[in-house]
There are 2 protein chains.
Amino acid sequence: MEVLERKQRTREQTRQGIVFTAKDIARREGWQAVSIRKIADAIDYSAPIVYEYFDSKDILLHEIRAEGFRFLREEYNRIMKLYRDPEKRLYEISLIQWKFAFEQPETYQVMYNLNGAFCQVSICGTLDMEEMANLVRETIFSFIPKSKESIQKLYFEWWSISHGIITMSMILKDQQPIEQSEIIYRDTLRRFIRNLR
Amino acid sequence: MEVLERKQRTREQTRQGIVFTAKDIARREGWQAVSIRKIADAIDYSAPIVYEYFDSKDILLHEIRAEGFRFLREEYNRIMKLYRDPEKRLYEISLIQWKFAFEQPETYQVMYNLNGAFCQVSICGTLDMEEMANLVRETIFSFIPKSKESIQKLYFEWWSISHGIITMSMILKDQQPIEQSEIIYRDTLRRFIRNLR
DNA sequence: TCAATGAATTTAACACTGTTAACTACTATT
DNA sequence: AATAGTAGTTAACAGTGTTAAATTCATTGA
């Protein structure tokens with residue numbers, strides 16, 4: 001059965017090749033320039049082959065988005081294991097958010113349907129996202145035990161502030177250097193977390 | 001010369017018809033569904049006519065974006081005339097931001113390239129946006145006179161928080177009713193403004 | 001060894017997109 | 001009445017997502 005094994009491995013490889021190529025084109029030319037035929041060309045196949053791996057372009061984008069959330073969730077978990085102090089935890093999680101957005105901007109764009117990236121599938125509802133939400137909510141709760149609604153409110157606020165500064169930093173990156181935006185990001189989130197006490 | 005006058009008036013009307021139809025389709029079906037032919041059909045013309053008014057789809061989107069910023073700028077000005085207290089001014093401006101985003105979501109989406117809306121033209125650089133930035137910066141300055149850099153930083157923060165909560169409210173509107181999101185918005189911005197003192 | 005099966009891959013097509021050139025129909029002027 | 005100019009159309013090009021049909025090719029069975 002090693003033939004089947006090898007077959008599956010190369011199948012997994014071309015699958016990853018499709019995902020990689022899509023992100024690669026998006027990074028270089030923007031998501032509006034990503035087309036099935038371009039992807040197929042890059043991996044030396046014809047267009048219909050892509051549909052052997054992803055039922056539609058939308059599902060391909062959804063997969064890339066899901067990978068993004070999965071990656072972030074693992075980073076969240078890593079941080080939770082690394083630190084015990086809730087403040088430190090939330091701050092490090094905030095920093096990871098920034099790091100991720102600027103190291104993998106194409107993925108971040110698909111996750112939030114930004115800048116030409118557009119995936120019809122609802123952004124919410126993935127298990128990874130719910131797990132991330134729980135981690136952050138628990139962290140907030142652990143140093144200010146309040147009602148469920150209050151915690152949810154603070155979580156929503158935290159997420160909005162983080163996402164807001166990240167997206168505005170991307171939009172204004174030509175008028176305001178990202179180094180400066182990053183300082184403001186750290187500053188604002190540090191203050192937000194401090195005020196939770 | 002009244003013939004020319006009438007001609008120009010109807011020309012202006014079809015121009016507005018194009019803009020209106022584009023926004024109308026976007027509102028109903030999303031920006032990804034907006035096509036030149038659909039717009040042309042709706043105004044009972046053939047597709048090339050649209051190009052008599054806008055050199056490209058991108059420029060049409062740019063125009064809609066510019067209109068959005070122009071509208072907001074006028075609202076900013078109205079508020080500046082209506083109130084004298086800097087805190088009140090900034091708070092009302094914040095509220096207008098929210099109101100605009102949810103009353104004209106298609107326009108807001110084009111302005112920030114959200115959810116399938118994509119206009120290549122740089123978001124920044126319009127006169128209206130610079131004017132709005134100045135109004136907000138002056139308002140912030142008028143009750144905490146600090147260095148130019150500090151004011152810019154606070155302005156950036158304010159904009160990010162506002163935009164962040166608005167976009168997250170749109171994304172999460174199925175899991176969290178917008179009424180509740182609006183409360184959090186008001187709350188957070190009130191706190192932000194209070195902490196400026 | 002040859003035929004047949006099955007899978008892997010491609011070609012061709014459909015309906016759509018933005019965009020432009022060529023064409024038609026009509027109106028106003030000389 | 002002939003001409004010029006304009007308003008609007010059709011037709012086309014290259015590209016898009018997507019699917020069905022056709023093709024190629026290796027493997028199996030007799």
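Lettering follows sequence order; numbering is per chain, from 1. Keep in mind that what you see is a predicted model, and the values were worked out from it rather than measured.
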* Asked: Can you find a side-chain donor-acceptor pair between B/Asn113 and B/Arg65 that sits under 3.5 Å?
  -> yes
* To do: Decide whether B/Tyr76 and B/Gln97 meet the rule of one side-chain donor and one side-chain acceptor closer than 3.5 Å.
  => yes
Length of the [atom1]-[atom2] vector between [X] and [N], whole Å:
| X | N | atom1 | atom2 | result |
| --- | --- | --- | --- | --- |
| A/Asp55 | D/dT19 | CG | P | 8 Å |
| A/Lys57 | C/dC16 | NZ | P | 18 Å |
| B/Asp41 | C/dC16 | CG | C1' | 13 Å |
| B/Glu52 | D/dT9 | CD | P | 10 Å |
| B/Ile39 | C/dT19 | CD1 | P | 11 Å |
| A/Ile49 | D/dT19 | CD1 | P | 14 Å |
| A/Glu29 | D/dG15 | CD | C1' | 14 Å |
| A/Ile36 | D/dG17 | CD1 | P | 5 Å |

* Could a donor-acceptor pair under 3.5 angstrom be found where the side chain of A/Arg37 meets the base of D/dG15? -> no
* To do: May I ask you to verify if any side-chain N or O of B/Ser46 is less than 4.0 angstrom from the OP1 or OP2 atom of D/dG8?
  => no
* Asked: So, is B/Tyr45 near the phosphate of D/dT9, with a side-chain N or O under 4.0 Å from OP1 or OP2?
  -> no
* With the threshold set at 4.0 Å, does a side-chain nitrogen-carboxylate oxygen contact exist between A/Glu130 and A/Arg137? -> yes
* To do: Answer with yes or no whether the hydrophobic clustering places B/Ile151 together with A/Leu172; edges join I, L, V, M, F, W, Y residues whose side-chain heavy atoms lie under 4.5 Å apart.
  => yes
* Counting any heavy atom closer than 4.0 Å, what does B/Tyr51 reach on the DNA or RNA strands: base, sugar-phosphate only, or nothing? -> base
* To do: Under 4.0 Å between any heavy atoms, over every strand shown, what does A/Val50 touch: base, sugar-phosphate, or nothing? Just pick one.
  => nothing
* salt bridge (charged side-chain N to carboxylate O under 4.0 Å, His left out) assessment of B/Lys38 paired with B/Glu29 -> CA-CA 12 Å; B/Lys38 262 193 216 171; B/Glu29 311 172 48; 3.3 Å; yes
* Earlier contact from the 5' end, DNA chain D, for A/Pro48 and A/Ser35 -> A/Ser35
* Which nucleotide in the list C/dT20, C/dT19, C/dT9 gets nearest to the side chain of B/Ser56? -> C/dT19
